[in-house]
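Remember, predicted model here, so these are calculated numbers, not experimental data. Index from 1, following the sequence.
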Amino acid sequence: QVQLVESGGDSVQAGRSLRLSCVASGNIYMSHAFGWFRQAPGKEREGVAGLDTDGTATYADSVQGRFTISKDSAKNTLYLQMNELKPEDTAMYYCAAAGHAGSVTLGILKAHEYAYWGQGTQVTVSS
């Protein structure tokens, strides 16, 4: 059984920073591909950042240069550092794990690539 637990969401003003964490447990390895997704009310879930099995990081255009995905394998934890937050970053943020050893095939920011999901952590950015 795989469990992903996100934390770090908060309500902040525009321009501030937050760091989201996702602790992975169960039959999952930090060498697998991981991603961060977000979903705002009334909108589809979108890929924000992904970390492939070779360590390659990929970002959505909307967060490129502001967000950084990273992991600490010793702590089984995935991170998303979010700087220069904007009101349009307001959403529920989800951690996702591919759950297999191979590289992604559909696209690191595609939800169908991932087998396991956390419950989400809310980020609210006010102007």
Side-chain angles (χ1 to χ4, degrees):
Q1 185 176 357
V2 174
Q3 189 173 21
L4 302 174
V5 180
E6 303 97 332
S7 63
D10 204 350
S11 295
V12 296
Q13 289 190 321
R16 302 298 292 271
S17 299
L18 283 175
R19 187 177 78 160
L20 305 183
S21 299
C22 171
V23 178
S25 61
N27 190 24
I28 193 75
Y29 297 91
M30 295 307 293
S31 58
H32 293 173
F34 282 84
W36 284 99
F37 289 74
R38 67 186 181 188
Q39 187 167 20
K43 294 188 176 181
E44 293 187 355
R45 187 171 297 191
E46 64 169 339
V48 173
L51 195 61
D52 208 343
T53 54
D54 64 355
T56 300
T58 302
Y59 300 93
D61 289 343
S62 58
V63 307
Q64 180 76 47
R66 299 188 297 122
F67 290 12
T68 303
I69 187 172
S70 64
K71 65 182 180 181
D72 184 335
S73 296
K75 296 182 178 179
N76 280 359
T77 302
L78 181 75
Y79 299 102
L80 183 68
Q81 177 67 42
M82 306 186 296
N83 299 329
E84 300 175 32
L85 283 162
K86 304 176 180 180
E88 51 264 44
D89 294 320
T90 295
M92 185 72 78
Y93 283 72
Y94 299 91
C95 169
H100 59 79
S103 181
V104 299
T105 56
L106 302 176
I108 194 76
L109 299 182
K110 299 295 185 182
H112 287 95
E113 191 67 62
Y114 298 90
Y116 303 102
W117 294 82
Q119 294 299 307
T121 186
Q122 178 69 37
V123 173
T124 303
V125 184
S126 59
S127 57

[X] and [Y]: which non-hydrogen atoms are nearest, and at how many Å?
X    : Y    : value
L85  : R66  : CA-NH1, 3.9 Å
L109 : F37  : O-CE2, 3.4 Å
T121 : G9   : OG1-N, 3.0 Å
Q13  : V125 : C-CG1, 4.0 Å
V2   : N27  : CG2-O, 3.4 Å
M30  : A24  : SD-CB, 4.2 Å

Roughly how far, to the nearest 0.5 Å, is the [atom2] atom of [Y] from the [atom1] atom of [X]?
X   : Y   : atom1 : atom2 : answer
R38 : M92 : CZ    : CE    : 14.0 Å
R19 : S7  : CZ    : OG    : 9.0 Å
Q64 : T58 : CD    : OG1   : 9.0 Å
S70 : L78 : OG    : CG    : 7.0 Å
R16 : S11 : CZ    : OG    : 12.5 Å
H32 : L51 : NE2   : CG    : 13.0 Å

Exercise. Just do the side-chain contact (heavy atoms from CB on, under 4.5 Å) check on M82 and D89 with the steps written out, would you?
Key: CA-CA 9 Å; M82 306 186 296; D89 294 320; over 6 Å; no

[X] side chain to [Y] backbone, donor-acceptor under 3.5 Å:
X    : Y    : answer
E6   : C22  : no
D52  : D54  : no
E113 : L106 : yes
Q39  : A91  : no

Quiz item: Can you check whether T90 reaches Q122 side chain to side chain, under 4.5 Å on heavy atoms?
Solution: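 In contact.
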
Under a 4.5 Å side-chain heavy-atom rule over Ile, Leu, Val, Met, Phe, Trp and Tyr, are [X] and [Y] clustered together?
X    : Y   : answer
I108 : Y79 : no
Y114 : Y94 : yes
Y59  : L18 : yes

Self-check item: Donor on one side chain, acceptor on other, D72 and T77, under 3.5 Å
Solution: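 Judged by distance alone, the side chains do not pair up.
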
Quiz item: How about Q119: does its CD atom have over 12 heavy atoms from other parts shown lying under 6.0 Å from it?
Solution: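 Count not over threshold, so no.
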
Self-check item: Aromatic ring proximity F67/W36, centre distance under 6.0 Å
Solution: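 No, the ring of F67 stays outside the 6.0 Å limit from the ring of W36, centre to centre.
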
